[in-house]
Student: 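Quick one: the structure is below, questions incoming.
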Amino acid sequence: MLVILSAPSGCGKDTVFKELKKTRADVCSSVSATTRTPRAGEIDGQHYYFKTEAQFKDMIKSGELLEYVKYDKSYYGTPISEINRITGQGKICFLIIEVRGAESVMKKVPGCVSVFLMPPSIEILKSRLEKRNKDSAQTISSRMEIAKEEIKCTKGYKYVIENNELEKAVKELNEILDNELAARNK
Ligand code: 5GP
């Protein structure tokens, strides 16, 4: 099973996934390729496969990516090898990706499950991005502009979860997975 999890930057999708992983062993998230500069503490092959633009373009050319986008000046893409690695272990493969890449996966993999995490408000999102202190003021401002557009793009998603409270959002996501698995095993 392939699950797309999208949310604006700073909405807490990585935290929600981390919590979910504590409660179930059957989920794993795909490691994307990116040309973005690593943030402090990010490890190549664990958080992302960090690539030069030339390396990323080679991956596109050789058909290694299921989807890719240019987001805030950097490229991001899902390696097909990641999906094969995770599904090969019999696990649910999570793609934690932005909305344009998500739309492309929905078209290519019609049976995928898509979930959008909605931030409580645009103001809260901005204050979260500022508090996590990982990005420059310029990056935060451009990500806020992207976020405003992204929250208008939830129509194609099968599920929208309000991320007001971490525990509640994780519970809802757990229920979605259980229901989807049950429907597939019928
Ligand atoms: P960040 O730079 O904050 O790690 O990620 C920026 C955005 O890119 C986030 O919304 C993240 O989910 C998204 N993203 C990460 N990997 C991929 C990918 O492989 N494909 C697409 N389309 N988006 C991605």
Side-chain angles (χ1 to χ4, degrees), residues 2-18 20-21 27-53 55-60 62-87 93-109 112-119 122 125-126 128-154 156-157 160-161 163 169 173:
L2 199 60
V3 179
I4 298 168
L5 181 62
S6 299
S9 184
C11 184
K13 52 190 180 297
D14 294 319
T15 311
V16 167
F17 183 73
K18 248 187 234 157
L20 179 82
K21 239 185 135 185
V27 295
C28 187
S29 79
S30 155
V31 178
S32 294
T34 186
T35 60
R36 167 165 79 56
T37 314
R39 293 187 186 119
E42 281 185 334
I43 298 164
D44 186 42
Q46 190 178 320
H47 296 93
Y48 280 105
Y49 295 108
F50 293 102
K51 302 285 178 191
T52 62
E53 206 158 307
Q55 287 171 330
F56 195 95
K57 285 186 175 158
D58 278 346
M59 290 180 87
I60 300 173
S62 55
E64 288 174 56
L65 301 174
L66 175 66
E67 60 74 37
Y68 69 92
V69 294
K70 195 164 194 184
Y71 171 100
D72 197 20
K73 300 191 197 103
S74 303
Y75 285 100
Y76 294 81
T78 304
I80 294 169
S81 57
E82 279 295 295
I83 299 175
N84 293 340
R85 172 179 72 83
I86 296 164
T87 54
C93 178
F94 264 72
L95 306 184
I96 306 180
I97 60 177
E98 56 68 67
V99 294
R100 282 171 298 136
E103 198 184 335
S104 141
V105 176
M106 286 177 213
K107 281 190 192 134
K108 288 182 180 162
V109 189
C112 72
V113 177
S114 52
V115 182
F116 190 92
L117 270 185
M118 187 63 90
I122 209 82
L125 191 63
K126 185 160 185 265
R128 280 188 191 164
L129 278 175
E130 287 166 348
K131 270 191 206 142
R132 79 176 181 182
N133 208 17
K134 282 186 179 169
D135 300 302
S136 67
Q138 197 190 352
T139 300
I140 291 176
S141 129
S142 85
R143 287 184 172 219
M144 284 307 297
E145 289 314 306
I146 298 172
K148 284 179 199 161
E149 291 308 310
E150 285 185 325
I151 56 183
K152 294 180 196 158
C153 297
T154 60
Y157 286 78
V160 177
I161 297 177
N163 193 16
L173 187 51

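All residue numbers refer to positions in the sequence shown, counting from 1. Whatever order the structure lists ligands and atoms in, that order sets their numbers, starting from 1.
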Student: Just let me know how Tyr48 lines up against ligand 1, side chain, backbone, both or neither, with a heavy-atom cut-off below 4.0 Å.
Tutor: side chain
Student: Applying salt bridge (Lys or Arg N to Asp or Glu O under 4.0 Å), name anything that partners Asp58, two or more places apart in sequence or on another chain.
Tutor: none
Student: When you measure from atom 3 (O) of ligand 1 to each heavy atom in Glu67, Glu82, Arg36, Arg143, which option holds the nearest one?
Tutor: Arg143
Student: Answer with yes or no after comparing the ring centroid distance for Tyr76 and Tyr68 against a 6.0 Å cut-off, counting only values under it.
Tutor: no
Student: Could you tell me whether Glu103 and Arg100 make a salt bridge, using a distance below 4.0 angstrom between a side-chain N and a carboxylate O?
Tutor: no
Student: Of all the non-hydrogen atoms in the protein, which one sits nearest to atom 9 (C) of ligand 1, and at what distance?
Tutor: Lys13 NZ, 3.7 Å
Student: Starting at CZ of Phe94, measure out to OG of Ser30 and round the result to the nearest 0.5 Å.
Tutor: 12.0 Å
Student: Determine whether the side chain, the backbone, both or neither of Thr78 has a heavy atom under 4.0 Å from any heavy atom of ligand 1.
Tutor: both
Student: Quick one: nearest non-hydrogen protein atom to atom 23 (N) of ligand 1, plus distance?
Tutor: Glu98 N, 3.2 Å
Student: Gly101 heavy atoms, cut-off 4.0 Å: which ligand 1 atoms fall inside?
Tutor: 22 (N)
Student: Specify the protein heavy atom at minimum distance from atom 6 (C) of ligand 1: its residue, its atom name, and the distance to 0.1 Å.
Tutor: Tyr71 CE2, 3.4 Å
Student: Within a 6.0 Å radius of atom CD on Gln138, are there more than 12 heavy atoms belonging to other residues, nucleotides or ligands?
Tutor: no
Student: Is Arg39 in contact with ligand 1, taking contact as a heavy-atom separation below 4.0 Å?
Tutor: yes
Student: Any nitrogen or oxygen of Gly77, main chain or side chain, under 3.5 Å from a nitrogen or oxygen of ligand 1?
Tutor: yes
Student: Sub-3.5 Å donor-acceptor pair from the side chain of Thr87 to the main-chain atoms of Ile83, do we have one?
Tutor: yes
Student: Are the side chain of Glu42 and the backbone of Arg39 linked by a donor-acceptor contact shorter than 3.5 Å?
Tutor: yes
Student: Examine distances only and state if a side-chain atom of Glu67 and a backbone atom of Ser104 form a donor-acceptor pair shorter than 3.5 Å.
Tutor: no
Student: For ligand 1, which atoms have a heavy atom of Ile97 less than 4.0 angstrom away?
Tutor: 12 (O), 14 (N), 17 (C), 18 (C), 19 (O), 20 (N), 21 (C), 22 (N), 23 (N), 24 (C)
Student: Counting only nitrogen or oxygen atoms and a 3.5 angstrom limit, does Ser32 reach ligand 1?
Tutor: yes
Student: Checking the N or O distance criterion of under 3.5 Å, is ligand 1 in contact with Ala33?
Tutor: no
